[in-house]
Amino acid sequence: MKIGIVGLGYIGSVTAVALTEAGYEIVGIDIDESKVKSLSNGEPTIFEPNLKELLTKNKSKLFFSTDYDDLKDVQYIFVVVPTPNKDGSIYLEYVYDAVSSIKKVNKNAVIITNSTVLPGTARNLMERTGMVVISNPEFTKEGTAIEDTLHPDRVVIGGSEKSAVDAVKKLWEFTHSIMVETTNENAEMIKYASNSFLAVKISFINEIANICEMVPGCDVEVVAKGMGLDKRIAPYFLKAGIGFGGSCFPKDTTAILSFARSFGEDLSIIKSAIEVNNDRVNRIMNILKNKIHKDNSEVTVGVLGMTFKAGTDDTRESQSIKLIRSLLDVGYKVNVYDPMAKIRIDGITRLNTAKECIDKSDVAVIATEWPEFKNLEINTDKFVIDMRRMLDLNSHSNLKTVGYYG
Ligand code: UGA
């Protein structure tokens, strides 16, 4: 079976490669010539574990092109183009453009929307184009995206055309996952509700962390562990820290909020989760101000990690980047180390190792949970703000007295 994929960004390129593992042949389309060229040469344009290996291994099943014409005899086409925020609302023009380009070459194809789109989008697309649209949101996490695509907790399939729904179910049968068959709108809402709930979970534990910091004897890590053992709560997404970033949670929580507002509904829990998250960087700035009694221009802060989490080179909406910009804004000198991030920021000094970054700074902030930070050697005169609770204070006993904030 041949499957089309329009949009070869993070999710699109992962989905394309993962589906070849299941035996499918892929026609991948992107308007960005450089992406197509790179993927055709076996080079992913992003870092994702195992992506390059599988791209090489399954080369014969992958065809990449900028020409929609190459989709003319493909029956099932995933649309995985970006759905960014514009002025606080979701911008769907890329989805509409992609589907109308497909229609021009293959009006009988079944469209499978895999991008995160607001409830009502599939219906709107069907009305605009007269094509069959199945809503099949993805639930993959960067860093484990291939594994998540091949072995999802569930596959959600929304649509009203029985034969198309059955075909998409069959397409994912190889995952042996639970299938949720429902309306387009429910499938679209499940994605927003899931991402928002996870974001709420993170902000919730970050609020508990705030109060734990004030109460002697309280430690949020232990509290989260004790909570997570309750099956109804579960241990996942209860890691307190710098807050959530990435291309999904910040965008999706904002989009569902403004979508709900258009119906006169105020999603106060999601709104609070965003506010708590926005405050994370301010809290680091306050710790710095309260602990280091020096003029900012005399202090160099070493930021360890720029990506929004470990295991990726993605810095979109990264809390670390927001921290770096805030530090620069108020006059700190900033050293930065990250093993993967490609982003360039004016005014910072990028260093080659974590050790060098710490040694050349007065204060270190651990912003991303890169495993190498666990075993850092830290000189006794450093003050460390550990936003990912990476350091084991037993092996860094000097920090307990000199200055550690976790
Ligand atoms: C998220 C969802 O987890 C996926 O299910 C979804 O498919 C994806 O968005 C999407 O919509 O495409 P992702 O953004 O790759 O995946 O990353 P997560 O692992 O969910 O982490 C998001 C942010 O939350 C990161 O900044 C991470 O450091 C932070 N986080 C996560 C915490 O601060 N604490 C936690 O306990 C978990």
Side-chain angles (χ1 to χ4, degrees), residues 1-84 94-95 97-99 101-102 104-106 109-116 136-152 171-172 174-175 246-248 307-308 311-316 339-344:
M1 188 177 179
K2 219 187 237 179
I3 292 171
I5 303 214
V6 174
L8 298 171
Y10 262 94
I11 301 296
S13 56
V14 165
T15 309
V17 167
L19 287 177
T20 56
E21 272 293 277
Y24 298 114
E25 274 179 48
I26 302 295
V27 179
I29 303 289
D30 201 292
I31 50 170
D32 182 341
E33 208 164 306
S34 64
K35 253 183 208 165
V36 167
K37 220 178 194 168
S38 176
L39 287 165
S40 305
N41 291 333
E43 278 303 327
T45 54
I46 52 151
F47 170 77
E48 184 63 38
N50 224 7
L51 184 61
K52 188 171 161 58
E53 289 79 357
L54 293 183
L55 188 61
T56 310
K57 178 182 158 205
N58 297 328
K59 210 165 94 191
S60 62
K61 295 185 207 137
L62 289 156
F63 173 74
F64 300 107
S65 165
T66 52
D67 190 354
Y68 275 86
D69 234 18
D70 291 314
L71 291 172
K72 66 175 178 302
D73 53 25
V74 180
Q75 179 73 45
Y76 298 96
I77 304 175
F78 283 85
V79 172
V80 205
V81 295
T83 50
Y94 299 127
V95 177
D97 286 352
V99 176
S101 300
I102 296 167
K104 280 187 198 137
V105 297
N106 184 355
V110 171
I111 301 290
I112 307 170
T113 51
N114 200 235
S115 303
T116 304
N136 178 212
E138 50 77 27
F139 299 96
T140 58
K141 302 177 292 301
E142 288 180 25
T144 52
I146 300 221
E147 182 59 20
D148 291 348
T149 309
L150 294 174
H151 305 289
L171 191 158
W172 288 112
F174 73 89
T175 63
S247 64
C248 305
T307 57
F308 80 98
T312 175
D313 57 356
D314 197 345
T315 50
R316 285 178 290 176
M340 281 281 172
K342 296 186 196 88
I343 188 173
R344 285 169 175 277

Any side-chain heavy-atom pair from [X] and [Y] closer than 4.5 angstrom?
X    : Y    : value
D32  : S34  : yes
I3   : I26  : yes
K2   : Q75  : no
T83  : Y94  : no
W172 : T149 : yes
L171 : L19  : yes
L150 : E21  : yes
R316 : Y10  : yes

Knowing that exactly one of D148, T15, T116, V80 qualifies, which makes a side chain to side chain contact (heavy atoms under 4.5 Å, CB included) with E138? T116
Option from L39, V17, L54, V27 for which side chain to side chain contact (heavy atoms under 4.5 Å, CB included) with L62 holds: V17
Looking only at atom types and distance, does a side-chain atom of [X] sit under 3.5 Å from a main-chain N or O of [Y], one as donor and one as acceptor?
X    : Y    : result
N114 : N136 : yes
S38  : E43  : yes
N106 : I102 : no
D30  : L8   : yes

Looking at I31, I'd like to know if its CD1 atom is crowded, meaning that more than 12 non-hydrogen atoms belonging to other residues, nucleotides or ligands lie closer than 6.0 Å. no
